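Not measured: the values here are computed from a predicted model. We count residues from 1, following the sequence as given.
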Amino acid sequence: MKHAILGAGGVGGLVGATLAHEGDQVTLLLRPETPVRHPGYLRLEGPTGNIEAPVRIDTELREPVDVLWITVKAYQLVEALQTVPRNGPEIVAIVPLLNGIDHVALLRSRFDPKRLVPGTIAVESERVAPGHIIQRSPFARLALSAIGERQLEGVAGRLRRAGLSCEFQTDEKRMLWSKLAFLAPFALTTTAAIKSKQEIFADPAWRARLESAVREACAVAVAEGASVDQARILTTIESLPPTMRSSMQKDVSVGRTPELDAIGGPIIRGGRIHGIDVVATRQLVATIGDRLAK
């Protein structure tokens with residue numbers, strides 16, 4: 001199969017390296033100034049070993065692909081889509097693995113909605129150099145909307161064979177909100193506190209703020225029509241590796257722009273719409289915003 005990856009960072013690099021190593025053709029869509037710095041392969045260091053596979057490099061989608069994976073940061077999405085011409089080559093399935101909720105409506109307005117297969121991924125993976133990806137978490141859990149099962153079952157099988165968890169879910173809204181109700185409290189709390197997961201749970205005050213943020217996110221999700229499991233989300237966060245840090249925390253620590261609105265925004269806006277007080281989430285976002293303003 002032929003794949004294009006829009007966003008060759010930690011997530012895009014992980015997916016691209018895995019599929020290329022499994023024998024599929026993978027093309028990375030990069031900014032015009034980037035290809036000269038890319039080695040033309042993806043090297044992935046993971047919990048089960050290291051792999052390396054060649055990939056193609058381009059600055060625009062020029063030929064038909066079976067899957068377009070969109071894995072850019074949420075605030076980069078509009079600009080990044082310029083590499084995919086509106087009347088360009090055929091794309092069988094478009095799989096966004098962005099953080100947040102709002103990107104789905106944007107992409108459905110940009111592409112044929114029947115080709116869009118929303119997904120989520122839970123993993124700690126980062127690009128440490130062009131073409132070099134390290135998966136730090138012992139897991140990589142991919143969930144895809146069941147509307148794409150027919151087109152993507154073969155792809156899912158290859159990902160599972162390589163060690164990723166990959167499942168199709170019939171309730172798209174629950175899938176997306178379950179990820180956000182897990183991610184937002186963890187990312188916002190670890191970033192605001194400048195602490196790892198272990199340090200958050202060792203500090204009663206910060207743990208209480210984390211748990212409050214989970215309750216708020218779940219309340220907004222339910223109001224939006226998503227049947228999320230609050231107890232399961234708290235249990236999942238507690239089971240994370242002790243030293244795990246969020247990508248937002250890493251971005252802020254090195255001066256990169258974080259996805260603050262994509263991750264915290266839907267909960268704050270949803271709270272306003274539905275009359276839900278999300279004070280813990282608002283305070284965490286404000287704390288991070290103050291750090292960024294300094």
Side-chain angles (χ1 to χ4, degrees), residues 1-19 24 26-31 60-61 64-86 88-123 125 127 140-153 155-156 159 164-184 187 221 224 226 247-248 258-259 261-263 265-266:
M1 296 183 73
K2 294 182 178 180
H3 305 262
I5 309 284
L6 182 58
V11 169
L14 168 68
V15 172
T18 301
L19 292 171
D24 284 358
V26 174
T27 300
L28 307 182
L29 301 178
L30 305 179
R31 294 190 299 269
E60 184 178 301
L61 185 64
V65 293
D66 296 290
V67 188
L68 169 65
W69 301 85
I70 303 179
T71 56
V72 295
K73 297 285 190 180
Y75 57 79
Q76 298 171 330
L77 178 59
V78 173
E79 181 180 357
L81 287 174
Q82 295 177 15
T83 64
V84 184
R86 283 186 177 271
E90 181 183 6
I91 305 168
V92 177
I94 301 157
V95 182
L97 297 177
L98 282 73
N99 290 324
I101 301 287
D102 299 338
H103 63 277
V104 175
L106 187 154
L107 290 170
R108 283 201 166 114
S109 70
R110 173 72 160 69
F111 297 104
D112 179 353
K114 291 180 290 193
R115 299 180 187 273
L116 192 75
V117 184
T120 65
I121 188 166
V123 67
S125 178
R127 181 185 60 191
R141 304 183 187 119
L142 184 65
L144 301 172
S145 172
I147 62 174
E149 187 166 5
R150 182 179 59 82
Q151 305 101 304
L152 297 173
E153 181 53 47
V155 176
L159 293 172
L164 282 74
S165 166
C166 186
E167 64 177 12
F168 292 94
Q169 298 191 8
T170 56
D171 191 334
E172 179 184 299
K173 185 170 286 189
R174 180 180 183 181
M175 176 187 73
L176 293 169
W177 272 102
S178 291
K179 166 69 182 292
L180 187 61
F182 155 80
L183 173 66
E224 287 285 317
S247 58
M248 179 186 288
E259 296 180 287
D261 183 69
I263 292 174

Does the side chain of [Y] come within less than 4.5 Å of [X]'s, by heavy atoms?
X	Y	result
L77	L107	yes
V155	W69	yes
V65	P89	no
V104	E172	yes
L68	L29	yes
R110	R86	yes

Show the nearest heavy-atom pair for residues [X] and [Y], with the distance to one decimal.
X	Y	answer
L30	A8	CD2-CB, 4.0 Å
P64	K2	O-CD, 3.8 Å
P96	H103	CB-CD2, 4.0 Å
A262	A74	CB-CB, 3.4 Å
A226	R174	CB-CA, 4.1 Å
I147	P118	CD1-CD, 4.3 Å

Please round to the nearest 0.5 Å and tell me the distance separating atom [atom1] of [X] and atom [atom2] of [Y].
X	Y	atom1	atom2	value
L176	T120	CG	OG1	7.0 Å
S247	L183	OG	CG	6.5 Å
M175	T170	CE	OG1	10.0 Å
L106	I101	CG	CD1	14.0 Å
L152	M1	CG	CE	6.5 Å
S125	L14	OG	CG	4.5 Å

Response to the item:
Between I94 and the options I70, L6, V117, the side-chain contact (heavy atoms from CB on, under 4.5 Å) test singles out I70
Worksheet item: Looking at L61, D66, V67, which hits side-chain contact (heavy atoms from CB on, under 4.5 Å) with I91?
Response: L61
Determine yes or no for a side-chain-to-main-chain donor-acceptor pair under 3.5 angstrom, with [X] supplying the side chain and [Y] the backbone.
X	Y	answer
T71	L97	no
K73	E259	no
S165	R141	no

Fill in: Derivation of the side-chain contact (heavy atoms from CB on, under 4.5 Å) call for R31 and T83
CA-CA 8 Å; R31 294 190 299 269; T83 64; over 6 Å; no
